[in-house]
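Notes follow once the structure below has been shown.
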Amino acid sequence: MSARAGERAALFIITEVLSGTHFADAQLKAFSGLDGASIRAATAYSRMTIENIIWVDHVLKSYIRMDKTRPYLKNILRLGTARCLFGHEDSAAVNGSVELAKELGKKGQPGFINGVLRRILREKEAIMAFTPTNAKELGLRYSFVEYAANQLVSMLGFEDAKKLMQTKSSVTTIRINPLKTTADAALTELKALGYEASLGQTKGMLTVENGGGIAASAPFTEGRISLMGTASRVASGFVGPNTKHIIDVCAAPGGKSCAMAEDHPDATVHAMDVSVLRLEQMAAQVKRLGLNNIALSPHDGQRIEETLVDSADLVLVDAPCSGLGTFLNRPEVKSQKPKQDVRELHYIQGRILSASAKYVKKGGRLVYTTCTFTKDENESAIRSFLKREKDFRLVNFENPYLTESMKERYQNGQLRLWSHLDGTDCFFIATMERT
C-alpha cells in the first residue's frame, strides 16, 4: 500500500500555503498530471485542512510538541487530524497519513503518526464538543484570526458571526459572455461536458458543483464563459445607461473590467493597474473574450492621471484591502493576519479614492468596493472621503444583478454582501455621485 496521488497533492498544497503561497496557486502546481479523482481528493483534503488550520493546530498541541516536530511531519499530522475530525473516512485518514510518513520520513515516524491520529479519533467526540462563548473562542473553533473574529462579532452579533464562520461553498460561479452566448446555451454546453451546472442566483451567472477543469474547457478557452464570483458581478453592475467612458482604477486581474465591457460594448473601459505583470495577464483574458473596447495602462492609483480628469461617466475603485471576505475561495485568508496594517490600508484607500474622484464627470458615478468586512476599510474610508470631497454624495443606483435580499439592504448608497446571507464573498460597496 502507498499514499494515493490525491493525498500527496493535498500535502503539497498544505505545505505551499503555510509557506505563503495562495491556495489557488498551490492547487495549480499540485494538479499537473493528476486525474479527476485525485484532483477532487486533493482539493477536499487540502481545503479541509487549511480552512480549519487554527483549530487543527490547537488540537494537535495536546498531543505533540509543535515546536519540536519536523515541519513535514507536522503537516502530515495536520492533514490527518483534519480528515479525522471533519471527514467521514476514519481508517483511511489514518492509513493515508501513515503511508505519507513512510514515503517521506524515517523509521519510527509512521508509528508515531498512527499513534497520534488513533488517539485523536478515540477522543474526537470530546474534542468537537467544544462550545465557543466569546469572539476569541469562536475564532479558535472556526479558524478565524482573532482580529477578524472580533470585527465580525462586533458587526453581526455572536450568533450571526457564528453562522458566517460556518459558511462553506463547493460551487464554482461562472459569468457568461453575452457577446458570444446566452445563459441557457452555456448551461446546455456545460451539462454536455458532464458538469453539474445550474442557473445562478443572479442574471447572467451559472453555478457548477465541483467545477475543477472548467478553465481548460472549450466554453472557457473560446471566451463564452469566465470564472467570476457573484459579489464581483454585483460590484460591476452599477454602470448607468448611455455610459461612454468607464475607468477601472485597480483593474487586475480584470474580471470586473471585462464584465463591464461585455455589458456595455459601446463604452470604452480604461483599465489601469500598478502591476505591469498583472496587466499582461489581463490582456490575455481580454483577447480570450474577444473584447475590443478595453484599453490597458499601467498606473499607480494613488497618483492623478491628468489626461483623464473630468472624463469618466463611471469610475470603479476596487481598492487594495485585507481580503478577509474572500475566505470561501481563499481559505487561507481567515487564519492569517492582514499582510498590511489595516490603518495603512485605510490611508492608501483614501489616497486612491481622492485621486480617482478627479476622473468623474459632473453627474458621473464613483463606485468603491472591497472584498473585506472591516469598518476601517469600508464605512470609515467613505466617511473620510466625503469629508474631503464635498461634491460627492452617496446615492443608490439601479443594478440588474442585485437579488431581492441585496436590494433591501442597499441603503444610502451602501451595501454589504455577507457569505451566510448571500452565498458570496463578503464585499462592501459604496456608490456615489458627483454633484
Side-chain angles (χ1 to χ4, degrees), residues 1-53 56 72 75-76 78-101 103-104 168-175 186-187 189-198 206-222 224-229 253 255 281 285 288 326-333 425:
M1 184 177 185
S2 63
R4 294 177 295 177
E7 291 166 333
R8 286 193 293 271
L11 180 61
F12 175 85
I13 293 168
I14 292 163
T15 302
E16 287 283 300
V17 170
L18 295 179
S19 298
T21 304
H22 289 315
F23 184 71
D25 293 337
Q27 285 182 307
L28 285 175
K29 291 181 184 178
F31 291 168
S32 178
L34 294 186
D35 59 28
S38 296
I39 288 173
R40 287 190 292 273
T43 299
Y45 299 154
S46 58
R47 175 178 285 276
M48 189 185 296
T49 306
I50 296 301
E51 68 186 8
N52 292 293
I53 193 66
V56 164
Y72 74 91
N75 288 338
I76 292 173
R78 284 166 166 154
L79 171 59
T81 300
R83 291 177 68 187
C84 287
L85 296 180
F86 300 101
H88 304 285
E89 42 174 13
D90 294 351
S91 295
V94 176
N95 293 337
S97 300
V98 167
E99 294 304 320
L100 283 171
E103 290 184 7
L104 301 174
K168 292 180 173 58
S169 176
S170 62
V171 301
T172 299
T173 50
I174 290 170
R175 181 187 84 243
L187 186 64
E189 191 172 13
L190 287 170
K191 286 182 175 179
L193 292 172
Y195 288 103
E196 188 180 337
S198 59
L206 307 177
T207 60
V208 178
E209 293 284 346
N210 301 316
I214 280 183
S217 69
F220 183 91
T221 59
E222 295 170 11
R224 293 185 288 280
I225 63 172
S226 294
L227 302 176
M228 188 179 206
Q281 294 167 341
Q285 181 179 181
R288 177 179 65 83
T326 62
F327 64 88
L328 289 181
N329 295 303
R330 294 177 57 204
E332 72 274 19
V333 300
D425 287 334

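Here the structure is a predicted model, which means the values were calculated and not measured.
Not counting sequence neighbours, the partners of Arg83 by the salt bridge (Lys or Arg N to Asp or Glu O under 4.0 Å) test are Glu7, Glu89. Under the salt bridge (Lys or Arg N to Asp or Glu O under 4.0 Å) criterion, Lys29 pairs with Glu16, not counting sequence neighbours. Taking the salt bridge (Lys or Arg N to Asp or Glu O under 4.0 Å) definition, one finds that Glu222 meets it with Arg224, sequence neighbours left out.
Atom OG of Ser198 and atom NZ of Lys191 lie 7.5 Å apart (nearest 0.5 Å). The distance from atom CG of Leu187 to atom CD1 of Ile225, rounded to the nearest 0.5 Å, is 11.0 Å. One finds the CG atom of Leu100 at 5.5 Å from the CD1 atom of Ile76 (value rounded to the nearest 0.5 Å). For the atom pair Leu193 CG and Phe220 CZ, the distance stands at 14.0 Å (nearest 0.5 Å). To the nearest 0.5 Å, atom CG of residue Asp90 and atom CG of residue Asn95 are 10.5 Å apart. How far OG1 of Thr15 is from CG of Asn75: 4.0 Å, rounded to the nearest 0.5 Å.
Between the side chains of Asp35 and Ser38, at least one donor N or O lies within less than 3.5 Å of an accepting N or O. Side chains of Arg288 and Ser226: a donor on one and an acceptor on the other come within 3.5 Å.
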Candidate pair Arg8 and Glu103, rule side-chain contact (heavy atoms from CB on, under 4.5 Å), full reasoning: CA-CA 10 Å; Arg8 286 193 293 271; Glu103 290 184 7; 3.3 Å; yes

Would you check, one step at a time, whether the test side-chain contact (heavy atoms from CB on, under 4.5 Å) holds for Ile214 with Ser217? CA-CA 5 Å; Ile214 280 183; Ser217 69; 4.2 Å; yes

Check the pair Ser169, Asn329 against side-chain contact (heavy atoms from CB on, under 4.5 Å), reporting the backbone distance first and the verdict last. CA-CA 8 Å; Ser169 176; Asn329 295 303; 5.6 Å; no

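Closest approach of Ala197 and Val208 over heavy atoms only: CB-CG2, 3.9 Å. Scanning all heavy atoms of the two residues, the minimum distance from Phe86 to Val56 falls at CE1-CG2, 4.5 Å. When all heavy atoms of Asp425 and Thr326 are compared, the pair lying nearest together is OD1-CA, 3.6 Å. Across Gly87 and Met48, no two heavy atoms sit closer than the pair N-SD, 4.0 Å. Of all heavy-atom pairs spanning Ala9 and Ala30, the tightest one is O-CB, 4.0 Å. Among all heavy-atom pairs drawn from Ala42 and Phe31, the shortest one is CB-CE2, 3.9 Å.
Judged purely by atom type and a 3.5 angstrom limit, Thr21 has no side-chain atom pairing as donor or acceptor with the backbone of Val17. The backbone N or O of Phe23 sits less than 3.5 Å from a side-chain atom of Glu332, completing a donor-acceptor pair. A donor-acceptor pair under 3.5 Å is absent between the side-chain atoms of Gln27 and the main chain of Thr43, judged by distance alone. Remark: side-chain polar atoms of Thr173 are paired, donor with acceptor, to backbone N or O of Met228 under 3.5 angstrom.
Looking at Ile13 and Tyr45, their side chains never come closer than 4.5 Å, going by heavy atoms from C-beta outward.
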